[in-house]
Amino acid sequence: MVRFYMEKGTHKGLYKSIQKTLKVFQTFALLEVVHCLIGIVPTSVLVAGVQVSSRIFMVWFVTHSIKPIQNEESVVLFLVAWTVTEITRYSFYTFSLLDHLPYFIKWARYNFFIILYPVGVAGELLTIHAALPYVKKTGMFSIRLPNKYNVSFDYYYFLLITMASYIPLFPQLYFHMLRQRRKVLHGEVIVEKDD
Ligand SMILES: CCCCCCCCCCCCC[C@@H](O)CC(=O)SCCNC(=O)CCNC(=O)[C@H](O)C(C)(C)COP(=O)(O)OP(=O)(O)OC[C@H]1O[C@@H](n2cnc3c(N)ncnc32)[C@H](O)[C@@H]1OP(=O)(O)O
């Protein structure tokens, strides 16, 4: 992403140049939920599930499907937040497994999110918001009555509900990470309700 920006001097076209890598790695992140379900990592299934499903939704059902929004600045916002987070997170896992965890990586893993989570969420919400007029105009992914199954679905309202669902769900993730931070960096003993 940095190389793209240095070479082109604009964010326009960035999404197109990184989309394959983004789709592959974010889709594989579903394995994180599987790992929790089968118990090979001790992470809460609920926390991992919300985290991964919101990213999958953004990648496939918003950014991939709605081409006119791919050059929005808000897309860069969440791409940067996700990328910095995952570089730090997977470095943390790798060094932990090697039993040689540099303090800076541990510190970064449990501090960067304080800024990156709100930045990522802002990017995601602004991107969905930018998609709304297009979705309303085209009626994409919507099912109108009458039809032989007698069901209707409006993707425009679904997106509005998804945006609203960030209000109860995002604080759950953010406070979970704040608790993890207190546990890992300050050694506090925390009892998780959903474990
Ligand atoms: C259908 C439409 C759905 C729409 C839903 C809409 C609602 C969405 C609201 C939520 C919005 C989220 C938006 C989000 O996408 C925005 C961003 O991400 S912005 C960028 C900032 N983000 C972050 O900082 C993310 C932070 N999140 C995480 O770190 C994790 O994802 C989390 C699931 C929260 C888990 O963290 P936690 O610290 O609880 O557990 P870990 O899994 O990291 O660690 C537990 C122990 O397991 C070891 N572990 C885990 N995985 C591995 C691995 N792959 N390899 C090796 N070891 C692993 C880890 O080391 C820990 O071990 P130990 O306890 O011994 O230290």
Side-chain angles (χ1 to χ4, degrees), residues 22 25-65 74-103 105-129 131 141 153 155 157-195:
L22 178 75
F25 283 96
Q26 289 301 332
T27 306
F28 267 112
L30 280 170
L31 285 175
E32 294 197 9
V33 184
V34 176
H35 294 161
C36 303
L37 281 168
I38 60 179
I40 59 173
V41 295
T43 318
S44 146
V45 178
L46 196 71
V47 173
V50 173
Q51 171 74 55
V52 172
S53 60
S54 70
R55 298 252 189 112
I56 296 275
F57 179 72
M58 282 308 299
V59 168
W60 288 108
F61 296 96
V62 180
T63 327
H64 163 78
S65 305
S74 55
V75 172
V76 182
L77 217 55
F78 74 72
L79 287 180
V80 169
W82 291 7
T83 307
V84 177
T85 298
E86 299 312 351
I87 292 171
T88 318
R89 191 158 71 98
Y90 278 91
S91 304
F92 174 87
Y93 294 151
T94 308
F95 287 115
S96 298
L97 288 174
L98 295 172
D99 230 357
H100 279 91
L101 177 62
Y103 184 75
I105 302 282
K106 185 172 165 178
W107 181 90
R109 160 92 177 107
Y110 289 102
N111 277 292
F112 282 6
F113 77 91
I114 295 173
I115 301 290
L116 291 175
Y117 245 146
V119 169
V121 166
E124 292 172 26
L125 289 176
L126 287 170
T127 303
I128 302 177
H129 183 261
F141 295 157
F153 174 76
Y155 192 51
Y157 287 105
F158 180 79
L159 286 181
L160 290 179
I161 293 167
T162 301
M163 288 173 85
S165 74
Y166 275 66
I167 299 168
L169 293 175
F170 171 56
Q172 305 280 338
L173 296 188
Y174 199 70
F175 286 111
H176 168 80
M177 286 305 288
L178 286 174
R179 282 194 297 273
Q180 291 294 87
R181 179 178 184 273
R182 292 211 307 272
K183 190 170 89 178
V184 177
L185 296 184
H186 305 293
E188 288 181 29
V189 179
I190 315 257
V191 182
E192 290 268 0
K193 271 189 250 157
D194 54 2
D195 279 348

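Atoms within a ligand are numbered from 1 in the order they appear, just like the ligands themselves. Only heavy atoms go into these numbers, but all of them, side chains included; no hydrogens, no water, no symmetry mates. Quantities reported herein were computed from a predicted structural model and do not represent experimental measurements.
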L160 vs Y157 side-chain heavy atoms within contact, under 4.5 Å: yes
Could you pull out all residues at least two apart from L169 that satisfy side chain to side chain contact (heavy atoms under 4.5 Å, CB included)? V50, S165
Looking at R89 and E32, is there a salt bridge between them, counting it only when a charged N and a carboxylate O are closer than 4.0 Å? yes
For F170, check ring-ring contact (aromatic ring centres under 6.0 Å, His included) against everything at least two apart and list the hits. Y117, Y174
What pairs with P102 under side chain to side chain contact (heavy atoms under 4.5 Å, CB included), at least two apart in sequence or on another chain? F95, I105
Report each N/O pair between ligand 1 and the protein that falls under 3.5 Å, naming both atoms.
unit_1   : atom_1 : unit_2 : atom_2 : d
ligand 1 : 15 (O) : Q51    : NE2    : 3.4
ligand 1 : 15 (O) : R55    : NE     : 3.2
ligand 1 : 15 (O) : E124   : OE2    : 2.8
ligand 1 : 18 (O) : Q51    : NE2    : 3.1
ligand 1 : 18 (O) : R55    : NE     : 3.4
ligand 1 : 18 (O) : R55    : NH2    : 2.8
ligand 1 : 29 (O) : R109   : NH1    : 2.7
ligand 1 : 29 (O) : R109   : NH2    : 2.9
ligand 1 : 36 (O) : R109   : NH2    : 3.3
ligand 1 : 38 (O) : R109   : NH2    : 3.1
ligand 1 : 38 (O) : Q180   : NE2    : 3.1
ligand 1 : 39 (O) : H176   : NE2    : 2.5
ligand 1 : 39 (O) : Q180   : NE2    : 3.3
ligand 1 : 42 (O) : T43    : OG1    : 2.6
ligand 1 : 42 (O) : Y93    : OH     : 3.3
ligand 1 : 43 (O) : Y93    : OH     : 2.6
ligand 1 : 43 (O) : R109   : NH2    : 2.6

Measure the acute angle between the ring planes of Y155 and F153, then classify it against the limits of 30° and 60° as parallel, tilted or perpendicular. tilted
